[in-house]
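Order of the sequence lines fixes the chain letters, A, B, ..., with proteins taken first and strands second; residue numbering starts at 1 for each chain. Not measured: the values here are computed from a predicted model. Basis for what follows: all heavy atoms, side chains included, without hydrogens, waters or symmetry-related copies.
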Number of protein chains: 2
Amino acid sequence: MKRDSRLSMVLHALLHMADHEGPMSSEVLAKCMCTNPVVVRRTMGLLREAGLVRATRGAAGGWELAVPLEGVTLRQLHEALGEPTVFAIGHKNEAPGCLVEQAVNAVMDDAFAAAEALLLERFAAVTLADLAKEFSARFAAHRSGVKARIAKG
Amino acid sequence: MKRDSRLSMVLHALLHMADHEGPMSSEVLAKCMCTNPVVVRRTMGLLREAGLVRATRGAAGGWELAVPLEGVTLRQLHEALGEPTVFAIGHKNEAPGCLVEQAVNAVMDDAFAAAEALLLERFAAVTLADLAKEFSARFAAHRSGVKARIAKG
DNA sequence: GCGAATCGTAATATTAAAAGTTACGATTAA
DNA sequence: TTAATCGTAACTTTTAATATTACGATTCGC
């Protein structure tokens with residue numbers, strides 16, 4: 001299976017939107033994400049349903065944040081995307097008749113549930129504002145790197 | 001993507017093998033796992049390379065455990081399978097030029113790394129013997145359920 | 001040694017899920 | 001009125017896992 005990259009995509013999109021006056025079109029966002037405008041509409045549409053973004057139609061329309069950066073966690077976004085399957089590892093049969101397989105499933109489920117709980121907890125602890133801060137730090141580092149290279153010759 | 005069900009499969013297979021005198025053929029195991037003998041050979045082959053099982057060829061050959069149940073953890077099996085990708089959620093681009101996307105990837109990676117570490121820790125804490133115990137408990141419960149149903153009707 | 005059962009493995013096909021694409025109607029600003 | 005835009009359905013492509021076919025190599029029992 002391909003991996004679901006929608007969370008990654010919307011985070012990227014939302015940060016760009018936060019740093020942009022007025023709405024951004026699906027077309028522009030798609031270019032920026034290396035994807036397709038329809039994919040952007042489909043995915044952002046889920047965030048719209050969750051009240052996290054606004055879409056305006058017609059000329060000069062597009063997508064805008066509907067909430068402050070501090071008000072959105074990765075977990076909320078994950079939920080807005082429909083809480084997609086987290087693990088690429090799973091059972092051979094979800095509801096086996098074999099008692100051996102039932103025991104296997106039960107024990108594996110315990111471990112996966114614990115890991116998923118931790119992941120969601122981490123997601124809940126990170127807001128878009130935190131991400132923006134992380135970006136700023138990288139931007140500053142990048143700039144000083146460029147300056148150093150220029151000074152060096 | 002389909003989810004990787006090999007860990008589930010080998011656990012099921014190993015427990016059946018533990019409960020069986022002499023080697024079990026890929027054909028028999030495949031029936032039991034609802035899969036194909038070649039898939040069994042391919043997957044068990046990885047465990048053989050890790051020294052966890054033995055294969056004997058020729059008539060009356062097949063697969064056997066090479067270590068005691070107490071000596072194998074889920075983590076060892078996961079490793080023997082080549083430490084397959086744990087998460088079905090991933091980045092849009094692994095090595096983006098965009099600093100925004102780099103920040104997104106970095107923050108997501110932190111969360112995923114923590115969750116994966118916990119999962120592997122859990123895996124390391126469970127041996128095949130523990131699974132066998134879990135099975136026994138289920139078997140006992142199942143038996144008493146059957147008895148009750150027989151007594152009742 | 002012979003034949004049947006079995007593993008080892010390469011090559012290919014199938015399947016499931018994500019992502020991409022095409023198409024077109026609805027809406028809105030200028 | 002026109003052009004830009006979202007909303008959405010239908011379909012195609014891509015990717016990774018799994019399944020299948022095929023056949024050589026090995027081993028057991030005779």
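The CD-P distance, from A/Glu64 to C/dT28, rounds to 14 Å in whole Å. As rounded to whole Å, 14 Å separates atom P of D/dT15 from atom CZ of A/Arg3. Remark: P of C/dA18 and CZ of A/Arg42 are 11 Å apart, rounded to the nearest angstrom. Here D/dT5 presents its P atom at 11 Å from CG of A/Leu29, a figure rounded to the nearest Å. A/Asp4 places its CG atom 15 Å from the C1' atom of D/dA16, with the value rounded to the nearest Å. Computed from coordinates, the A/Met24 CE to D/dC6 C1' distance equals 16 Å when rounded to whole Å. The distance from atom NZ of B/Lys31 to atom C1' of C/dT6 is 14 Å, rounded to the nearest whole Å. Atom CZ in B/Arg57 sits about 7 Å away from atom P in D/dT27, given to the nearest Å.
When each of C/dG20, C/dC7, C/dA4 is scored by its nearest atom to the side-chain atoms of B/Arg41, the top-ranked nucleotide is C/dC7. Of the candidate nucleotides D/dT18, C/dA10, C/dG8, C/dA10 has the atom lying nearest to any side-chain atom of B/Val38. Of all nucleotides listed (D/dT18, C/dA19, D/dG7), D/dT18 comes nearest to the side chain of B/Ser5. The listed nucleotides are D/dA19, C/dA19, D/dG7; the one nearest the side chain of A/Arg48 is D/dG7.
Counting heavy atoms from C-beta outward, B/Ser25 and B/Val28 have side chains that approach closer than 4.5 Å. Annotation: side chain of A/Val39 is in contact with side chain of A/Met9 (closest heavy-atom distance under 4.5 Å). Side-chain atoms of B/Ile89 and B/Met108, non-hydrogen and from C-beta on, do get closer than 4.5 Å to each other.
Put simply, the residue from B/Val53, B/Leu47, B/Leu14, B/Val72 that forms a side-chain contact (heavy atoms from CB on, under 4.5 Å) with B/Val67 is B/Val72.
One donor-acceptor pair, N or O on each side, does fall under 3.5 Å between the base of D/dT14 and the side chain of A/Lys2.
Taking 4.0 angstrom as the limit, A/Ser26 places none of its side-chain polar atoms (N or O) nearer than this to OP1 or OP2 of D/dT5. One finds no side-chain N or O of A/Thr56 lying less than 4.0 angstrom from the OP1 or OP2 phosphate oxygen of D/dC6.
Between B/Gly62 and A/Asn36, the one whose closest nucleotide on DNA chain C sits nearer the 5' end is B/Gly62. Along DNA chain C, the nucleotide closest to B/Trp63 and the one closest to B/Lys92 are compared, and the more 5′ of them pairs with B/Trp63.
B/Gly45 comes within contact range of no nucleotide atom at all, as no heavy-atom separation falls under 4.0 Å. Across all strands, A/Gly61 comes closer than 4.0 Å only to sugar-phosphate atoms, never to a base (heavy-atom distances). Using a 4.0 Å heavy-atom cutoff across all strands shown, A/Thr85 reaches no nucleic acid atom at all.
Ring centers of A/His20 and A/His16: at least 6.0 Å apart, outside the cut-off.
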